[in-house]
2 protein chains.
Amino acid sequence: MEPRKRPGRTPAQGGRTARPRQAEVARLAGVSQATVSLVLSPKPDGKGRLISEETRRRVLEAARSLGYVPDPAARRLAAARNNLLGVFSFTATFPTDVQHSYYPFLVGVEREAAALGYDLVLFTGSSTGGAGAAGPDALSRVRLADGCLFIGRHTPRAELKRLVEDGFPVVHLGRREELEGVAWVGADYVEATRGVVAHLAELRHRRIVLVREDDDAPASADRQRGFLEGLEAAGLASGPAAVFRSADPQRELTPERLRAWADEGVTAFVAEETDTGAAWRGLLSAVRAAGLDCPGDVSLALLGSPPSDLASEPVPTGFDIPRPQLGAAAVRLLAALVAGEEEAREPLVGCAFRPGPTTGPPRART
Amino acid sequence: MEPRKRPGRTPAQGGRTARPRQAEVARLAGVSQATVSLVLSPKPDGKGRLISEETRRRVLEAARSLGYVPDPAARRLAAARNNLLGVFSFTATFPTDVQHSYYPFLVGVEREAAALGYDLVLFTGSSTGGAGAAGPDALSRVRLADGCLFIGRHTPRAELKRLVEDGFPVVHLGRREELEGVAWVGADYVEATRGVVAHLAELRHRRIVLVREDDDAPASADRQRGFLEGLEAAGLASGPAAVFRSADPQRELTPERLRAWADEGVTAFVAEETDTGAAWRGLLSAVRAAGLDCPGDVSLALLGSPPSDLASEPVPTGFDIPRPQLGAAAVRLLAALVAGEEEAREPLVGCAFRPGPTTGPPRART
DNA sequence: TTGTATGCGTTATCAA
DNA sequence: TTGATAACGCATACAA
């Protein structure tokens, strides 16, 4: 039986012109398809040109005139590379609720990817139940890319581990030490928080309280750790009493509570930054409701950046998470993994201390 | 010559264990590779099961025990499509300056793409070297996807046309009627603006002035057209005098000018929305500087949404551009083109009228 | 109902 | 220096 023309092909392929293939470039240039491949995929092997300058020119010209672009799927199948980096977030990458946006990270991710010569594939998460929905192989689609960046707290561990075990380059944006073998890049919340505490201690605050949400995320734990370490370093009383942990700070952080603390000699509060900003919001409103002056009566600091809807307020003392830099660092690491380099870089990115008008020396006690 | 073991394979493929293939699943289940494929990729064709329940079970069991996951590259290669939609913006997709961001569109783009089973490839036109260098064939890279969405005012016409001529599915986000053959999806500024004028006319305003920037973008032209049509429909005097066009409204829109208009009987102003929001800003500050009360002395309307940094101000009367919906509509259209369907849908998306506190009946003239 | 054969577009090997 | 050719893993038309 002789070969069919195009078996395995759905009949209604669409009436449009197919994308140009290497074979067509070859015909136009009067060479073989393999030659086209050689010309078009420069070997970094350092091997000198095996193709004559003349042929080379003709092939390039033909490719250009045809608008040829290599098929990423075929490339990967042939065990080559795509120049495609994946970005996968379990929740929507562009949520309607801008509060949870990964936008600032993406700024850095895009810039760095472009600089390194990669395009980005945004794998639409399972949020909408669309592309990859919830199936166990939802994450599998990312294998189309050369490597993939994961963002968000809720990355399914098993799937991620599977990818890593298969040798697929993966980088997680955000600390993920529990996931063994998963490379990650994160902000150094511990150090940054220590810095904020040190700042308050220098101002002569003696009792400081951390307001945090009831969440087990590494980001929360890190801040608490940095907080306690900071207290110790300053020779201040630490202990669980210094941490106020609440599932709903905006409710449970009452003005009475605040006054009680003040009476006990607490002169400063630090709140963690989270998606919702609940801790900080709760703290702010409680202070106001209690009629306390800031920074006169109490100093306030935010362990992160203020929510965007509070943009009209003065920017509080705290630190800035360098999200674009984080994104860029993650891409650099991922690119290194893709290139087969051993992972050997500092995964922590420092946060810059941000002075602000919400902290000052405590009022002398009477 | 007998077949090599794994030719075309780079020798140092990595020491990692290869993932299971359909062939291995087949061996374990005692069936052929094709059968495995049949079982594992359910056809939505509605065709009943061609595979016996027994075989089916065995295959699934074998696949599970081996931890089989399909290779997306192979799958896409065989299917002759990527399930990838490109998104191309001439400026960075994620600019540092959030003002100019396409974020709201992307929200809808992502959601709809996910719903339709597509992933997104982000192309950056302005990228600094790297992937998308600035070459004339920069746009050519988008051919890697099954189709591409273009966003922004500055899409190079020639390149776009070339893509379309080659039968590559292209959709432009924003009206682009000059570019023949280029499918587009846009907001119906004409109709929306007419609505705003009608609203003012109903309030009994008799003289209304449009403040616009000196830009030839379709978006500006459409608003002007809708404005003039709205005036006519209400039986009001139109003509060029009703349009104030300025390259720098924030400078040229002086309080004196405003007073002069008021003296002439102008009781309402509408300003177009642009990237910078210059028209609206200029109008607002001039009204304030002139000491005019709004909506007492003058009614103001904004043909679009207010800039985010004016979030603290009351939201003016006007209309909302449904950006997420626009993005979604564009993706739907693009998907239809990719699927080979003839383009046959309404490219205009309506804008919702937004009542606000900045308009009211004009003060009775003395 | 299942197996066989073939090709999707690319890279890489080997012979010419 | 270039041209055949064999896979990569999967999906399908067709035969059995």
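Every heavy atom of this structure was used, including side-chain atoms; hydrogens, water molecules and symmetry mates were not. For clarity, every value in this text was computed on a predicted model and none was experimentally measured. Proteins come first, then strands; the chains are lettered A, B, ... in the order of their sequence lines, and each starts at number 1.
A donor-acceptor pair under 3.5 Å is formed between the side chain of A/Asp146 and the backbone N or O of A/Asn82.
Atom CZ of A/Arg21 and atom C1' of C/dG7 are 13 Å apart (whole Å). Rounding to whole angstrom units, CG of residue A/Leu77 and P of C/dA12 are separated by 13 Å. Going from atom CD of B/Glu24 over to atom P of D/dC8 covers 11 Å, rounded to whole Å. Atom CZ of B/Arg19 is separated from atom P of D/dG9 by 8 Å (rounded to the nearest Å). In this structure, the CG atom of A/Leu38 is 13 Å from the C1' atom of D/dA4, given to the nearest Å. For the pair B/Arg75 CZ and C/dG9 P, the computed distance is 19 Å after rounding to whole Å. Per the geometry, CD belonging to B/Glu54 stands 9 Å off P belonging to C/dT2, to the nearest Å. Straight-line distance from the CZ atom of B/Arg143 to the P atom of C/dG9: 15 Å, rounded to whole Å.
Contact between B/Leu163 and B/Phe150 at its shortest, heavy atoms only, is CD1-CZ, 3.8 Å.
Note on A/Thr35: a side-chain N or O is less than 4.0 Å away from OP1 or OP2 of D/dG3. Between A/Ser37 and C/dT11 there is a side-chain polar atom (N or O) within less than 4.0 angstrom of OP1 or OP2.
Both B/Thr55 and B/Ala74 sit near DNA chain C, but only B/Thr55 has its closest nucleotide nearer the 5' end.
Using a 4.0 Å heavy-atom distance criterion, A/Val31 is classed as a sugar-phosphate-only contact.
Contact check on B/Arg162 versus B/Glu159 returns no salt bridge, with no Lys/Arg side-chain nitrogen under 4.0 Å from an Asp/Glu carboxylate oxygen. A salt bridge between B/Asp166 and B/Arg143 is present, with a side-chain N of the basic residue lying under 4.0 Å from a carboxylate O of the acidic one.
Nearest nucleotide to the side chain of B/Ser52, out of C/dT11, C/dA12, C/dT1: C/dT1. Among D/dT2, C/dT11, C/dG3, the nucleotide with an atom closest to any side-chain atom of A/Ala78 is C/dT11.
No more than 12 heavy atoms of other residues, nucleotides or ligands sit less than 6.0 Å from atom CD of B/Glu180.
Within 3.5 Å, no donor on the side chain of B/Gln22 pairs with an acceptor on the base of D/dA11, nor the reverse.
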